[in-house]
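What follows is a single structure, written as structure tokens, with notes after it.
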Amino acid sequence: EGRWAESVTARLLTIEAGEGHHWQQWLWLGQAYANSGDTVRGLVALDSARIRTENPESVRQIDSISGTLKSGENATGSQNP
């Protein structure tokens, strides 16, 4: 969990530094939140990623990860506690 918490902090700093318009930053933030055990924040970040892209492949990737999280698994496919 510690490494994922560091990743969350790094992503938030990157977004605050002006990279928030890139959907990938939000995707990575969502995955980091989910892997650190915070599925709700992970889903919120993924929603933020989705509204920042219209690319069909990117949308499919985001929706796939969101669906996995909503089904009770974390971003790596393991069951959440």
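Keep in mind the model is a prediction, meaning the values are calculated, not measured.
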Taking atom [atom1] of [X] and atom [atom2] of [Y], what is their separation to the nearest 0.5 Å?
X     : Y     : atom1 : atom2 : result
Trp4  : Asn35 : CH2   : CG    : 4.0 Å
Leu12 : Leu29 : CG    : CG    : 5.0 Å
Gln31 : Gln24 : CD    : CD    : 11.5 Å
Arg52 : Leu27 : CZ    : CG    : 12.5 Å
Ile15 : His22 : CD1   : NE2   : 10.5 Å

Candidate pair Trp26 and Leu46, rule side-chain contact (heavy atoms from CB on, under 4.5 Å), full reasoning: CA-CA 6 Å; Trp26 294 96; Leu46 291 171; over 6 Å; no
Looking at Ile62, is its backbone amide N or carbonyl O close enough to the side chain of Ser66 to form a donor-acceptor pair, meaning the two atoms are under 3.5 Å apart? yes
Taking only residues two or more places apart in sequence or in another chain, which ones pass salt bridge (Lys or Arg N to Asp or Glu O under 4.0 Å) with Glu54? none
Can you list every pair that meets side-chain hydrogen bond (donor to acceptor under 3.5 Å, both in side chains) and has a residue in residues 40-51, with sequence neighbours left out? Asp38-Arg41, Arg50-Asp63
Step by step, would you call Leu43 with Tyr33 a side-chain contact (heavy atoms from CB on, under 4.5 Å)? CA-CA 9 Å; Leu43 289 168; Tyr33 270 132; over 6 Å; no
State, yes or no, whether a side-chain contact exists between Arg3 and Ser7 at a heavy-atom distance under 4.5 Å. no
Among residues two or more places apart or on two chains, list those pairs meeting salt bridge (Lys or Arg N to Asp or Glu O under 4.0 Å) that have a residue in residues 10-29. none
Heavy-atom nearest pair, Ser36 first then Val8, reads OG-CG2, 4.3 Å
Please report the shortest heavy-atom distance between Ala34 and Leu69, naming the atom on each side. CB-CD2, 3.5 Å
